[in-house]
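In what follows, chains are A, B, ... by sequence order, proteins preceding strands, each numbered from 1. Everything numeric in this text was worked out from a predicted model, so none of it was measured.
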2 protein chains.
Amino acid sequence: MDEDNSLASGALIEDNPGEIGELDGVLGFHIRLAHGAVYRHFSETFAGLGLTQKQVSVLWLVADLPGIAQIELGSRLQMDRATTMTIVNRLQERGYLRRERSESDGRKQSLYLTEAGEGALVEAKGCISQHEAWLKSRFSEEEIEKLVEMLARIHE
Amino acid sequence: MDEDNSLASGALIEDNPGEIGELDGVLGFHIRLAHGAVYRHFSETFAGLGLTQKQVSVLWLVADLPGIAQIELGSRLQMDRATTMTIVNRLQERGYLRRERSESDGRKQSLYLTEAGEGALVEAKGCISQHEAWLKSRFSEEEIEKLVEMLARIHE
DNA sequence: CCTATTTGTTAGTAAAGCATACAATTTGGC
DNA sequence: GCCAAATTGTATGCTTTACTAACAAATAGG
């Protein structure tokens with residue numbers, strides 16, 4: 001069959017802008033060692049809600065920026081338009097999100113949370129709190145701050 | 001279509017045994033923050049070689065344990081038999097790996113590196129060195145040790 | 001006003017990973 | 001020694017994810 005040279009562009013850092021520093025919101029971390037020894041902690045936190053991390057991210061972002069356009073949403077979460085479509089579609093089908101044509105620009109869809117969507121986000125944030133409690137049971141506040149600070153340094 | 005409740009079992013920790021502590025071999029790390037702000041560094045290190053991390057892991061493991069059975073290899077890298085098959089197949093097609101029926105157990109395939117496979121692994125290790133140099137340009141040795149130590153604590 | 005760009009949408013594609021089914025082999029109870 | 005059960009490898013097909021390409025509607029700019 002085909003080869004699986006499926007790795008990305010080879011760029012060492014693939015990141016996005018945004019603010020670091022809020023302890024509030026650490027979802028997990030993940031280190032790869034060589035030899036396949038993958039040590040990680042992933043918050044599969046949202047499994048109980050039937051939500052993926054990406055979906056929660058979308059809800060969260062729409063809550064922060066009501067009326068955000070799909071293209072802007074996708075860009076902030078590093079998804080292309082097609083991928084954004086499928087995620088927004090599913091959230092809409094579940095009744096968590098609604099679309100409206102933007103008045104100022106008829107090409108754009110303005111996204112808003114429904115009440116159900118707000119409820120789901122509240123639940124998701126509850127899951128994050130649980131996860132953070134777990135994190136804090138293992139690491140001191142200084143350690144986590146140090147970790148976040150180190151991450152910030154990656155992007156300098 | 002179907003829902004995308006594709007998350008794993010909900011287990012908070014999904015890990016594997018193995019030794020931590022060798023600075024030698026840190027391939028990258030990756031922290032997820034809420035709200036979709038994903039800060040990470042992944043070593044797309046092997047892209048230039050046309051190898052994925054999993055493939056390198058397989059080569060590495062076979063080099064360490066010549067004659068290892070597919071099932072054992074897959075288990076150590078947390079892949080099921082089918083996934084292991086495809087990866088081993090591709091590496092074999094490229095001439096990096098060869099299979100032999102185990103003499104002691106006719107069900108098993110014993111895996112060995114070819115010379116080409118050893119060469120590829122050497123190259124891959126070179127890439128890791130480069131990556132580590134990058135890491136060390138940003139973090140002190142104590143910081144990395146601290147990081148690895150923190151990871152170890154996750155699994156206690 | 002006409003062309004180029006942007007945005008959303010759909011459809012098709014490729015890769016990763018999994019479950020299932022099956023064959024060959026080994027193991028264990030009798 | 002014999003037969004059922006378990007193990008291992010293999011092939012097939014499915015699901016999920018994410019991408020590209022093609023297209024339509026709307027906007028922007030000369």
**Prompt:** Does the side chain of A:Arg90 get closer than 4.0 angstrom to OP1 or OP2 of D:dT16 through an N or O atom?
**Reply:**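 Indeed not, no polar side-chain atom of A:Arg90 lies that close.
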
**Prompt:** Does D:dT7 have OP1 or OP2 sitting under 4.0 Å from an N or O in the side chain of B:Gln70?
**Reply:** no

**Prompt:** Under a single-linkage definition using a 4.5 Å side-chain heavy-atom cutoff for Ile, Leu, Val, Met, Phe, Trp and Tyr, are B:Leu59 and B:Leu65 assigned to the same hydrophobic cluster?
**Reply:**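 Hydrophobic grouping puts B:Leu59 with B:Leu65.
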
**Request:** Start with the C-alpha distance between A:Gln55 and A:Arg94, add both sets of side-chain angles, then the distance that settles side chain to side chain contact (heavy atoms under 4.5 Å, CB included), and finish with yes or no.
**Result:** CA-CA 11 Å; A:Gln55 289 176 324; A:Arg94 279 203 219 174; 3.8 Å; yes

Rounded off to whole Å, could you give me the [atom1]-to-[atom2] distance for the [X] and [N] pair?
| X | N | atom1 | atom2 | answer |
| --- | --- | --- | --- | --- |
| B:Gln92 | D:dA11 | CD | P | 10 Å |
| B:Met85 | C:dA21 | CE | P | 18 Å |
| A:Glu100 | C:dT7 | CD | P | 19 Å |
| B:Gln55 | C:dG17 | CD | P | 10 Å |
| A:Glu72 | C:dG8 | CD | C1' | 15 Å |
| B:Leu91 | C:dA16 | CG | C1' | 15 Å |
| B:Leu111 | D:dT10 | CG | C1' | 14 Å |

**Prompt:** A:Pro66 versus A:Leu113: any side-chain heavy-atom pair under 4.5 Å?
**Reply:** no

Taking the minimum atom-to-atom distance to the side chain of [X], which one of [options] wins?
| X | options | answer |
| --- | --- | --- |
| A:Ile71 | C:dT7, D:dT17, C:dT10 | C:dT7 |
| A:Lys54 | D:dG9, C:dG8, D:dA18 | D:dA18 |
| A:Arg99 | C:dT9, C:dA16, D:dT8 | C:dT9 |

**Item:** B:Ile68 side, atom CD1; B:Ser102 side, atom OG - distance, nearest 0.5 Å
**Value:** 12.0 Å

**Message:** What's the separation between atom CE in B:Met85 and atom CD in B:Gln70, rounded to the nearest 0.5 Å?
**Reply:** 6.5 Å

**Request:** Could you tell me whether the side chains of B:Thr86 and B:Asn89 share a donor-acceptor contact shorter than 3.5 Å?
**Result:**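 Absent: no donor and acceptor within the cut-off.
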
**Asked** Just checking, any donor-acceptor pair under 3.5 angstrom between side chains of B:Gln92 and B:Arg99?
**Response** yes

Between the protein and nucleotides 18-20 of chain C, are there any N/O to N/O pairs under 3.5 Å, and if so, what are the atom names and distances?
from	atom 1	to	atom 2	distance (Å)
C:dC18	OP2	B:Thr83	OG1	3.4

**Request:** Using the closest heavy atom to pick a nucleotide of DNA chain C for each, name whichever of A:Asn89 or A:Lys108 lands nearer the 5' end.
**Result:**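 Per heavy-atom nearest nucleotide, the more 5' residue is A:Lys108.
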
**Request:** Might you work through the salt bridge (charged side-chain N to carboxylate O under 4.0 Å, His left out) test for A:Glu100 and A:Arg98, ending with a clear yes or no?
**Result:** CA-CA 7 Å; A:Glu100 262 178 39; A:Arg98 69 188 160 81; 2.5 Å; yes

**Set of salt bridge (Lys or Arg N to Asp or Glu O under 4.0 Å) partners for A:Arg107, sequence neighbours left out** =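 Per chain and number, A:Arg107 pairs via salt bridge (Lys or Arg N to Asp or Glu O under 4.0 Å) with A:Asp105.
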
**Asked** What one-letter contact string describes nucleotides 24-30 of chain D from 5' to 3', where B marks a base within less than 4.0 Å of any protein heavy atom, S marks contact via sugar-phosphate atoms alone, and - marks no contact?
**Response** --BS---

